[in-house]
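Notes to accompany the following structure.
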Amino acid sequence: MPTFVKIEEGKVDKLIFDKYVAAHRAYIQELTAKGHKAKSGYWSEFGGGMMIFEAASMDEAKAIVARDPLVKNDCVNYKLYEWKIVAE
């Protein structure tokens, strides 16, 4: 399956953002259980973070991102890319 990357920046106060972190983590676990190999994290020195996952197509990737609690609750701005891996 193709790999996709969501690069995000927080756009709400940390107190609001933190309300949805547990739901976001649970969503990542759900995606992983369904075979999407999802991982999520944040930049240690700059605001924002990244989610990496597999999906069958860009349309499926967009649907996955749309269901992310951080996106559904308007906590982040993001860009979604298909990542063409050339070396492992």
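Both backbone and side-chain heavy atoms feed into the values below; hydrogens, waters and symmetry mates do not. The first residue in the sequence is number 1, and the count goes up from there.
- When all heavy atoms are compared, the tightest approach of Ala38 to Leu31 is CB-CB, 3.8 Å.
- Residue pairs meeting the salt bridge (charged side-chain N to carboxylate O under 4.0 Å, His left out) criterion with at least one partner in residues 75-88, sequence neighbours excluded, are Glu82-Lys84.
- For the residue pair His24 and Pro69, the shortest heavy atom distance occurs at N-CG, 3.8 Å.
- For the salt bridge (charged side-chain N to carboxylate O under 4.0 Å, His left out) condition, the pairs that include at least one residue of residues 46-66, sequence neighbours left out, are Lys37-Glu54.
- Tyr78 is not connected to Trp83 by any chain of hydrophobic side-chain contacts under 4.5 Å among Ile, Leu, Val, Met, Phe, Trp and Tyr, and they are in different clusters.
- Within the 3.5 Å criterion, the main-chain N or O of Ile64 finds a donor-acceptor partner in the side chain of Tyr27.
- Side-chain heavy atoms closer than 4.5 Å link hydrophobic residues (I, L, V, M, F, W, Y) into clusters, and following such links, possibly through other members, connects Tyr81 to Met50.
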Extract all donor-acceptor atom pairs below 3.5 Å that involve side chains of residues 1-13 and protein atoms in other chains or at least two apart in sequence.
from  : atom 1 : to    : atom 2 : distance (Å)
Lys6  : NZ     : Glu8  : OE1    : 2.6
Lys6  : NZ     : Asp68 : OD2    : 2.7
Lys11 : NZ     : Asp74 : OD1    : 2.7
Lys11 : NZ     : Asn77 : OD1    : 3.4
Asp13 : OD2    : Leu15 : N      : 3.0

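- No chain of hydrophobic side-chain contacts below 4.5 Å, direct or via other Ile, Leu, Val, Met, Phe, Trp or Tyr residues, connects Ile52 to Val21.
- Within the structure, salt bridge (charged side-chain N to carboxylate O under 4.0 Å, His left out) contacts touching residues 23-35 (residues at least two apart or in different chains) are Glu30-Lys34.
- Two residues are said to be in side-chain contact when any heavy atoms from C-beta on lie closer than 4.5 Å; Phe53 and Ile28 fail this criterion.
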